[in-house]
Enquirer: 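Next up is a structure, given as structure tokens.
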Amino acid sequence: MRFHNIMEEVVYESLDRQKVNLKLFCDCPQCINDIMAIALNNLRPHYVVKSENLPYARVPHLTDRQSSTNVLAAVTKAAKIVSQNPRCANKIT
């Protein structure tokens, strides 16, 4: 492992937990990836170099209320954008 942005996992887990509450227009892989990309572009990355540090580096993002709120806000905003402008085959034309 060279380096890893742990925010990818944190955002994916938040999105997965909140899928029902977000009322996504579509949850196909294209839409999920678009939501992930938009959310990650609106959050600060958090890189680790050693795989054994992954669990320790994720803890603040999972237990700190403000950090969790920031992640959820970014995911919610991204889900709204993608639901209003889907790029997948389910798009209403």
Enquirer: Check whether Ser14 reaches the backbone of Val10 with its side chain - one donor and one acceptor, N or O, closer than 3.5 Å.
Expert: no

Enquirer: I'd like to know if the side chain of Asn5 and the backbone of His46 have a donor-acceptor N/O pair within less than 3.5 Å.
Expert: yes

Enquirer: I need the minimum non-hydrogen distance between Ser83 and Phe25, along with the two atoms involved.
Expert: OG-N, 3.1 Å

Enquirer: Given Leu15 and Met36, is the side-chain contact (heavy atoms from CB on, under 4.5 Å) satisfied, shown in steps?
Expert: CA-CA 8 Å; Leu15 175 57; Met36 290 282 300; 4.3 Å; yes

Enquirer: If you round to the nearest 0.5 Å, how far is CZ of Arg44 from CE of Met7?
Expert: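 It comes to 10.0 Å.
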
Enquirer: Spell out, yes or no, whether Ile38 and Ile32 are grouped together once hydrophobic residues are joined by side-chain heavy atoms under 4.5 Å, including indirect joins.
Expert: yes

Enquirer: Could you work out, with side chain to side chain donor-acceptor pair (under 3.5 Å) as the rule, every residue matching Asn70, not counting sequence neighbours?
Expert: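 Checked Asn70 against side chain to side chain donor-acceptor pair (under 3.5 Å); matches are Gln66.
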
Enquirer: Considering residues, nucleotides and ligands other than Lys80, do more than 12 of their heavy atoms fall under 6.0 Å from its NZ?
Expert: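 No.
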
Enquirer: Test side-chain hydrogen bond (donor to acceptor under 3.5 Å, both in side chains) on Asn33 and Gln30; report intermediate values, then the result.
Expert: CA-CA 5 Å; Asn33 287 337; Gln30 175 70 51; over 6 Å; no

Enquirer: Applying side chain to side chain donor-acceptor pair (under 3.5 Å), name anything that partners Glu8, two or more places apart in sequence or on another chain.
Expert: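 Here no residue qualifies.
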
Enquirer: So do Cys26 and Pro86 actually touch side chain to side chain, heavy atoms under 4.5 Å?
Expert: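 A side-chain contact under 4.5 Å is absent here.
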
Enquirer: The criterion is salt bridge (charged side-chain N to carboxylate O under 4.0 Å, His left out); which residues satisfy it with Asp34, sequence neighbours excluded?
Expert: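 Counting only residues at least two positions away or on another chain, Asp34 forms a salt bridge (charged side-chain N to carboxylate O under 4.0 Å, His left out) with Arg87.
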
Enquirer: Determine yes or no for a side-chain-to-main-chain donor-acceptor pair under 3.5 angstrom, with Asn41 supplying the side chain and Ala37 the backbone.
Expert: yes

Enquirer: Scan residues 23-33 for pairs that pass salt bridge (charged side-chain N to carboxylate O under 4.0 Å, His left out), counting only residues two or more places apart or in two chains.
Expert: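 Sorted pair list comes back empty.
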
Enquirer: The criterion is ring-ring contact (aromatic ring centres under 6.0 Å, His included); which residues satisfy it with Tyr47, sequence neighbours excluded?
Expert: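 Applying ring-ring contact (aromatic ring centres under 6.0 Å, His included) to Tyr47 gives Phe3.
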
Enquirer: Run Arg2 and Val49 through side-chain contact (heavy atoms from CB on, under 4.5 Å) and show every step you take.
Expert: CA-CA 6 Å; Arg2 229 172 91 214; Val49 178; over 6 Å; no

Enquirer: Nearest heavy-atom pair of Ala78 and Ala39: which atoms, and what distance?
Expert: CB-N, 3.7 Å

Enquirer: Quick one: list whatever passes side chain to side chain contact (heavy atoms under 4.5 Å, CB included) with Ala79, sequence neighbours left out.
Expert: Leu22, Leu24, Ile35

